[in-house]
A.B. asks: 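Pasting a structure below so you can have a look.
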Amino acid sequence: MSAKLKLCVEGKDSQTYEIAQGEVRIGRSPEVDIVLSSPAISRDQCVVRFRDGQYVVTDLQSTNGTFVNGRRIVEQFLDNNAVITFGKESRYQLIFLRTSDLDECSTAEVRAVIEEEAFEEYRDIISSKIKASEAKTAMELSVASLEKVQNIDPKMLNQIRRNLRVLYEVGEIINETRDSGIMLEKVIECLGVATGADRVLVIYRHDLYMEGGEASEFEVKTCWFRPELSVSRDDNMGFSTAIVRRVVSEKIAVLFTPQQPYSSSSILRGQVQNSLCAPLVGGKRVRGAVYLDSFTAKRTFTESDISLLACIANQVGLALDYDSLHREQVRRDRSAATGETIASMGQFLQSVLSDSSDRLKQMDRALRRQDSQGAEQVWRELKASYEQMLNLMQGIMAYSTDRKLELVIVSVNEFVKRISDSYRSAVMQQSIDLAVTLDPTVKLAWMDEKAIEEALRNLIGNAFEAIEDKPEKPDDERRIEIRTEALPEGDYFAISVRDTGLGISDEVLPRIWSVFFGTRGSEGSGLGLAISKKIVERHKGTIRVETHIGRGAKFIMVLPTSRQLITS
């Protein structure tokens with residue numbers, strides 16, 4: 001196998017270098033095979049060699065990096081027509097060719113090289129431009145024109161209809177797609193099909209602070225190629241940074257139609273016939289640009305295309321900005337919640353350990369006095385503290401672990417009755433009236449039976465504690481009510497637990513779902529309601545509380561009956 005490197009230098013004739021099955025070293029040093037005289041290129045920049053039946057380019061730890069088809073590499077196997085460039089140096093490009101005919105050019109070839117060309121070269125070939133902020137107004141004027149013109153050009157009417165349809169489709173994609181990467185892929189495919197483009201790139205801007213001042217770099221975030229071109233997504237990512245930089249800096253959408261005498265431009269060297277570019281503007285921030293181009297003269301972009309692209313780029317820019325703000329807020333909320341959780345857990349553990357320390361001292365005194373009865377009492381208290389700590393650790397594991405739901409069909413009323421019956425002896429010992437009301441219209445439901453049982457037992461346990469906390473008076477009613485109920489929606493049912501305790505104050509109410517929050521000091525873990533809430537929400541249900549001071553509280557779990565609602 002043989003191959004060549006074609007060196008293209010701005011304003012000079014190209015040169016070719018044989019590689020055969022050896023290697024070619026590139027750099028600024030006079031000792032290398034291809035000498036590139038530029039301070040932006042390292043003395044030993046990179047090497048191209050034959051290895052394992054293929055040609056590979058390896059960066060030699062250069063200062064500004066080696067790029068293949070616009071992507072910085074450490075080592076990269078070379079496909080035919082791959083373009084090698086060098087960091088901030090824009091004058092040089094190496095084209096890797098396996099074929100002997102250096103003039104051969106595939107119709108599917110896309111080689112718009114990343115260059116730092118002066119934008120003045122393109123000033124005379126800008127067919128149209130529009131401010132990004134005026135894109136919506138331009139579209140509205142296009143639609144409004146329908147009411148004023150009697151004999152509308154059918155072609156113009158079709159373009160307006162197309163634009164409205166595409167804008168609606170893009171809006172639906174943005175609203176329905178949570179993942180920003182998938183959203184971008186769907187939007188640019190929709191845009192490429194609508195405009196007839198051969199290639200659509202989403203280009204992100206990265207602000208870097210380098211020696212000598214601030215510089216701006218761009219990279220392709222995602223791409224779409226017309227399927228007929230059979231172009232790999234990982235190849236042919238080149239584009240003109242001059243175009244993108246202008247679009248981003250001035251926040252304008254532009255239409256380029258390169259013509260002679262601009263045959264030396266990177267656009268024409270890449271076989272691009274015309275291109276569109278619009279900025280991704282989110283609020284005051286310009287994230288990058290959307291870049292469309294065509295490689296055949298048959299497809300020429302129009303004024304209608306530039307209006308459509310500008311509108312869509314605005315929509316996408318705002319969606320990406322919102323997504324970033326949302327992610328940052330979630331990160332901050334999680335960080336704050338983690339800090340609060342650790343602080344609450346520390347306070348709880350400190351309280352338990354303090355009680356245990358006091359009991360150990362009591363045990364020590366009882367043993368010194370040989371007070372077996374006192375020592376036995378303290379031992380029971382220490383054992384209770386141990387069980388409390390064990391329950392805490394189990395609660396932390398239950399809350400922090402997202403175990404996969406094991407969904408089964410359950411008879412809801414039989415399920416609730418079984419759990420309620422297990423408390424009969426406890427309510428008798430504490431003189432509590434336990435009332436269970438089962439709605440006969442509640443039938444079968446899908447659920448993780450063990451998880452929902454844990455959630456329900458947490459609510460019942462809280463009801464017992466609420467009644468114990470209420471001062472006993474002759475006229476006080478000590479009652480717990482457990483109820484099932486079918487809801488009007490049909491696909492949901494409710495399980496409620498009501499107690500006749502003291503109720504929950506307005507001050508405490510907002511905090512009851514927080515991890516490690518409790519009103520019983522070291523006697524409770526503060527995890528019960530947090531765990532119940534998480535279990536219910538994993539079942540795509542809701543949990544809420546109704547409370548009145550002095551009259552008790554009622555916790556209601558609303559759960560779906562179907563498996564589809566839980567797993568959707």
Side-chain angles (χ1 to χ4, degrees), residues 112 114-143 159-160 163 166-167 170 174 184 187-188 191-192 194-197 199-207 214-223 238-259 262 265-268 270 272-294 299-321:
I114 296 180
E115 296 190 16
E116 300 290 336
E117 298 171 284
F119 191 79
E120 283 70 17
E121 181 180 359
Y122 299 107
R123 289 193 182 277
D124 295 335
I125 59 173
I126 300 177
S127 300
S128 180
K129 69 178 181 180
I130 181 172
K131 288 185 178 180
S133 58
E134 298 173 356
K136 183 179 180 182
T137 303
M139 186 68 69
E140 290 173 348
L141 290 174
S142 298
V143 177
Q159 288 178 338
I160 294 174
N163 287 359
V166 175
L167 284 173
V170 168
I174 291 173
L184 287 175
V187 167
I188 62 175
L191 185 59
T195 60
R199 179 178 70 158
V200 184
L201 306 177
V202 175
I203 300 165
Y204 271 17
R205 168 188 181 182
H206 297 290
D207 290 328
E214 181 179 344
S216 182
E217 295 286 339
F218 300 96
E219 72 167 351
V220 176
K221 178 67 175 178
T222 188
C223 63
F239 58 91
S240 174
T241 56
I243 297 175
V244 178
R245 181 170 291 107
R246 182 74 173 198
V247 165
V248 167
S249 63
E250 294 191 8
K251 297 184 182 178
I252 57 172
V254 293
L255 166 61
F256 293 90
T257 53
Q259 298 173 356
Y262 301 100
S265 73
S266 65
I267 295 179
L268 288 182
V272 175
Q273 296 297 321
N274 54 93
S275 57
L276 286 172
C277 191
L280 286 170
V281 183
K284 296 181 179 180
R285 178 184 180 185
V286 184
R287 186 179 297 271
V290 183
Y291 186 101
L292 288 71
D293 46 27
S294 172
R299 180 66 181 101
T300 302
F301 297 123
T302 64
E303 297 281 344
S304 181
D305 293 328
I306 192 175
S307 296
L308 175 64
L309 175 61
C311 279
I312 290 177
N314 272 348
Q315 284 183 281
V316 172
L318 289 171
L320 292 172
D321 203 46

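Source: prediction; values computed, not measured. Residue numbers run from 1 in the order of the sequence given.
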A.B. asks: Does any non-hydrogen side-chain atom of Val290 lie less than 4.5 Å from one of Leu309?
C.D. replies: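 Yes; the side chains approach each other to less than 4.5 Å.
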
A.B. asks: About how many Å separate CG of Leu276 and OG1 of Thr195, when rounded to the nearest 0.5 Å?
C.D. replies: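 Answer for the OG1-CG pair, Thr195 versus Leu276, is 7.0 Å.
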
A.B. asks: Quick check: closest heavy atoms across Ala289 and Val244, and the distance to 0.1 Å?
C.D. replies: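 Taking Ala289 first and Val244 second, the nearest heavy atoms are CB-CG1, 4.1 Å.
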
A.B. asks: When you compare the side chain of Val202 with that of Val220, does any pair of heavy atoms fall below 4.5 Å?
C.D. replies: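 A side-chain contact is absent here, since even the closest heavy-atom pair is not under 4.5 Å.
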
A.B. asks: Are any of the side-chain heavy atoms of Leu201 and Arg199 separated by less than 4.5 Å?
C.D. replies: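 Of all side-chain heavy-atom pairs linking Arg199 with Leu201, at least one is under 4.5 Å.
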
A.B. asks: Are the side chains of Leu308 and Val166 in touch, meaning some heavy atoms are under 4.5 Å apart?
C.D. replies: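 They are in contact (side-chain heavy atoms under 4.5 Å apart), so the answer is yes.
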
A.B. asks: Would you please test Glu219 and Ile203 for side chain to side chain contact (heavy atoms under 4.5 Å, CB included) and show each step?
C.D. replies: CA-CA 6 Å; Glu219 72 167 351; Ile203 300 165; over 6 Å; no

A.B. asks: Between CZ of Arg245 and CZ of Arg205, what distance do you get to the nearest 0.5 Å?
C.D. replies: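 Atom-to-atom, Arg245:CZ and Arg205:CZ are 9.5 Å apart.
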
A.B. asks: Please report the closest heavy-atom contact between Leu167 and Cys311, naming both atoms and the distance.
C.D. replies: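 Result for this residue pair: CD2-CB, 3.7 Å.
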
A.B. asks: Using side-chain contact (heavy atoms from CB on, under 4.5 Å) as the criterion, list what pairs up with Thr302, not counting sequence neighbours.
C.D. replies: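 With sequence neighbours excluded, Thr302 shows a side-chain contact (heavy atoms from CB on, under 4.5 Å) to Gln159, Ser304, Asp305, given in chain and number order.
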
A.B. asks: Run the side chain to side chain contact (heavy atoms under 4.5 Å, CB included) test on Tyr291 and Ile243 for me, step by step, so that the C-alpha distance in whole Å, both residues' side-chain angles and the decisive distance to 0.1 Å come before the verdict.
C.D. replies: CA-CA 9 Å; Tyr291 186 101; Ile243 297 175; 3.8 Å; yes

A.B. asks: Between CG of Leu255 and SG of Cys277, what distance do you get to the nearest 0.5 Å?
C.D. replies: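 Nearest 0.5 Å value for the CG-SG distance: 11.0 Å.
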
A.B. asks: Are any non-hydrogen side-chain atoms of Ile306 and Phe301 less than 4.5 angstrom apart?
C.D. replies: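 The answer is no, as the side chains (C-beta and beyond) never meet within the 4.5 Å cut-off.
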
A.B. asks: Once you round to the nearest 0.5 Å, how far does OG of Ser307 lie from CG of Asn163?
C.D. replies: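 Answer for the OG-CG pair, Ser307 versus Asn163, is 7.0 Å.
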
A.B. asks: What is the minimum heavy-atom distance between Ala253 and Ala278, and which atoms define it?
C.D. replies: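 In terms of heavy atoms, the two residues are closest at CB-CB, 3.7 Å.
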
A.B. asks: Is there a donor-acceptor pair under 3.5 Å between the side chain of Arg287 and the backbone N or O of Leu320?
C.D. replies: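 Confirmed, Arg287 side chain pairs with Leu320 backbone.
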
A.B. asks: Applying the side chain to side chain contact (heavy atoms under 4.5 Å, CB included) criterion to Lys221, which one of Leu184, Ile188, Leu280 satisfies it?
C.D. replies: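 It is Leu184, the one option of Leu184, Ile188, Leu280 that forms the side chain to side chain contact (heavy atoms under 4.5 Å, CB included) with Lys221.
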
A.B. asks: Taking all non-hydrogen atoms of both residues into account, name the closest pair between Leu292 and Ala197 and its distance.
C.D. replies: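 Of all heavy-atom pairs spanning Leu292 and Ala197, the closest is CD2-CB, 3.9 Å.
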
